[in-house]
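Worksheet: one structure, shown below.
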Amino acid sequence: MIAITLSKELTMAEVKRILIIDFTNYEDYPIGGYLSFARNLMLSFGPSLALVGITTSSEDPVGKWYRKTIDGTFYDFFAIARYNKAKTKHVIPDRLASYCLVKKYLSKIQEIEINNVFLQRQEMLLAVGNRFENICFCFAGLENPLSISKYRYAHFFSTQFERIFFKQIKKIDTILASGDSNAIREMTVRSKGVLHADQITMFPSRINTDIFKLLDRNEIRQKLGFSPGTTIIVTTGRLAPLKGWKFMIDSFKLFRSKISSDTLLFFIGEGEDYDSILEYISDNNLAEHVILAGKKGQVDVALFLNAADLFIMGSYKEGWSTSLMEAIACGVPACVTDFSSASEIIIEGENGFVVKERREDLFVEAMMKSVKLPRPVRNDVVLRFAADKLKEDLLKHWPLL
């Protein structure tokens, strides 16, 4: 990729453009819901977007606008920093680093003269302040991000952080939330009257149904090398305590003791708890049955989901779970804990089960029932959130300048 100067024709084009400011390279790092939603916006709006993020390429410039090709499309791109994909935890937390870097480069970022700004991260809203005319903020999750940070010392600042954030977001006209009504209500209670539920529009995350769709299960299992008699269980997402990996492994161990067939559990994703999970697997003599498959692209994730007999999630907290919707879109039954959006996506007894109590025995009972559901399971409940409807849905709530 060769950087070139931003063209005046594109900057001054008579099109209502959107500027996204996020901590991602908009390709494959860091994986998770923020990246998935950003990529769905790219799929919907194409080159009318301008992207502010990070770069993981040694060839890209930092601190200036340039033209970058992503998946065959040219975008105006501004990298605030260069990051190493191999690192999942940094000395300076990503939230603090991104806040400081956006503040540092804000004047240069504004040179593109786009006033429609889309944000998902709370620290980004604090960094941009009131410097843009038309901001849409979309909560990717409704919990206090510092209270669930992988950096323990961040918890001490969580109350002050949220108080400052609520003071800033009350000035925003368009507020969306990828969470269910209960999660929205809980967040507004924490705001102590600063925000009200009627100010926030429930706006579920989206899935690319061109990728996450029903495929020939037998053909995919043969392609991946899975024997016909093996029970395949898959979970996807960040390898972090909040995702409940220990609960899932303990449940899987109990599940294995109750069935006669060979059983494999695949964790697809990466994260700061990789070594801890590997050690726990070894300590429980599960090295041959629990596989940390690492980060995979969407196409490969869809293959694993289609091959699976069951999808599980043991999360403590979620926004509107993209991972769960992707699994259901592929027709695989799901067994999940009771996080935000779970009951909106799961139709009990038709595409899976939601376990209300965090008990391994109850979770395993639901796993046993889930694997017996007829395939493919009902998926129309998630197909309405296809990425190809994102542009139309977003512009219903957010008028562009």
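In what follows, every heavy atom counts, from backbone to side chain, and hydrogens, waters and symmetry copies are set aside.
A donor-acceptor pair is defined here as one N or O able to donate and one able to accept, closer than 3.5 Å; such a pair exists between the side chain of Asn379 and the backbone of Ala329. Side-chain atoms of Arg358 come within 3.5 Å of backbone atoms of Gly314 as a donor-acceptor pair (strictly under, hydrogens ignored). Proximity of a side-chain donor or acceptor of Arg82 to a complementary backbone N or O of Asp60 within less than 3.5 Å is detected. A donor-acceptor pair is defined here as one N or O able to donate and one able to accept, closer than 3.5 Å; such a pair exists between the side chain of Glu348 and the backbone of Val354.
For the atom pair CG (Leu292) and CD1 (Ile268), the distance works out to 11.0 Å, reported to the nearest 0.5 Å. To the nearest 0.5 Å, the span separating NE2 on His397 from SG on Cys136 amounts to 9.5 Å. For the atom pair CD of Glu326 and OG of Ser321, the computed distance is 8.0 Å after rounding to the nearest 0.5 Å. In this structure, CD1 on Ile135 lies 9.5 Å from CG on Asn115, to the nearest 0.5 angstrom. Separation of atoms CD1 (Ile277) and CG (Leu286) is listed at 13.0 Å; rounding is to 0.5 Å.
The 12-atom threshold is exceeded at CD of Glu350, counting heavy atoms of other residues, nucleotides or ligands nearer than 6.0 Å. Taking a 6.0 Å sphere around NZ of Lys296, one finds it holds more than 12 heavy atoms contributed by other residues, nucleotides or ligands. Atom NZ of Lys192 has 12 or fewer neighbouring heavy atoms from other residues, nucleotides or ligands inside a 6.0 Å radius. Heavy atoms from other residues, nucleotides or ligands lying under 6.0 Å from CD of Glu133 number 12 at most.
With no hydrogens or angles considered, a side-chain donor-acceptor pair links Trp398 and Asn134 at under 3.5 Å. The closest side-chain donor-acceptor pair between Glu318 and Ser315 falls under 3.5 angstrom. Side-chain contact annotation: Asp250 with Tyr280, donor-acceptor N/O pair under 3.5 Å present. There is no side-chain donor-acceptor pair under 3.5 Å between Gln298 and Asn208.
Ring to ring, Tyr75 and Phe45 are not that close: their centroids are 6.0 angstrom or more apart. Aromatic rings from Phe304 and Phe266 are positioned such that their centres are separated by under 6.0 Å. In summary, the aromatic rings of Phe385 and Trp320 are positioned with their centroids under 6.0 Å apart.
By the side chain to side chain donor-acceptor pair (under 3.5 Å) test, Ser340 is found to be paired with Asp180, residues two or more places apart in sequence or in another chain being considered. Every residue two or more places apart in sequence or in another chain that forms a ring-ring contact (aromatic ring centres under 6.0 Å, His included) with Phe137 is listed here: Phe139, Phe165. Residues passing the side chain to side chain donor-acceptor pair (under 3.5 Å) test with Lys253 are Asn284, sequence neighbours excluded.
Cation-pi geometry between Lys108 and Phe78 is not satisfied (NZ or CZ under 6.0 Å from the ring centre, within 45° of the ring normal). Cation-pi check for Arg121 over Phe23 is not met; the charged atom does not lie both under 6.0 angstrom from the ring centroid and within 45 degrees of its normal. A cation-pi geometry, defined here as NZ or CZ lying under 6.0 Å from the six-membered ring centre and within 45° of its normal, does not hold between Arg190 and Phe166.
Taking the charged nitrogens against the carboxylate oxygens, Asp216 and Arg221 have no contact shorter than 4.0 Å, which rules out a salt bridge.
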Is there a salt bridge (charged side-chain N to carboxylate O under 4.0 Å, His left out) between Arg238 and Asp273 once you walk through the steps? CA-CA 9 Å; Arg238 178 177 147 200; Asp273 275 12; over 6 Å; no
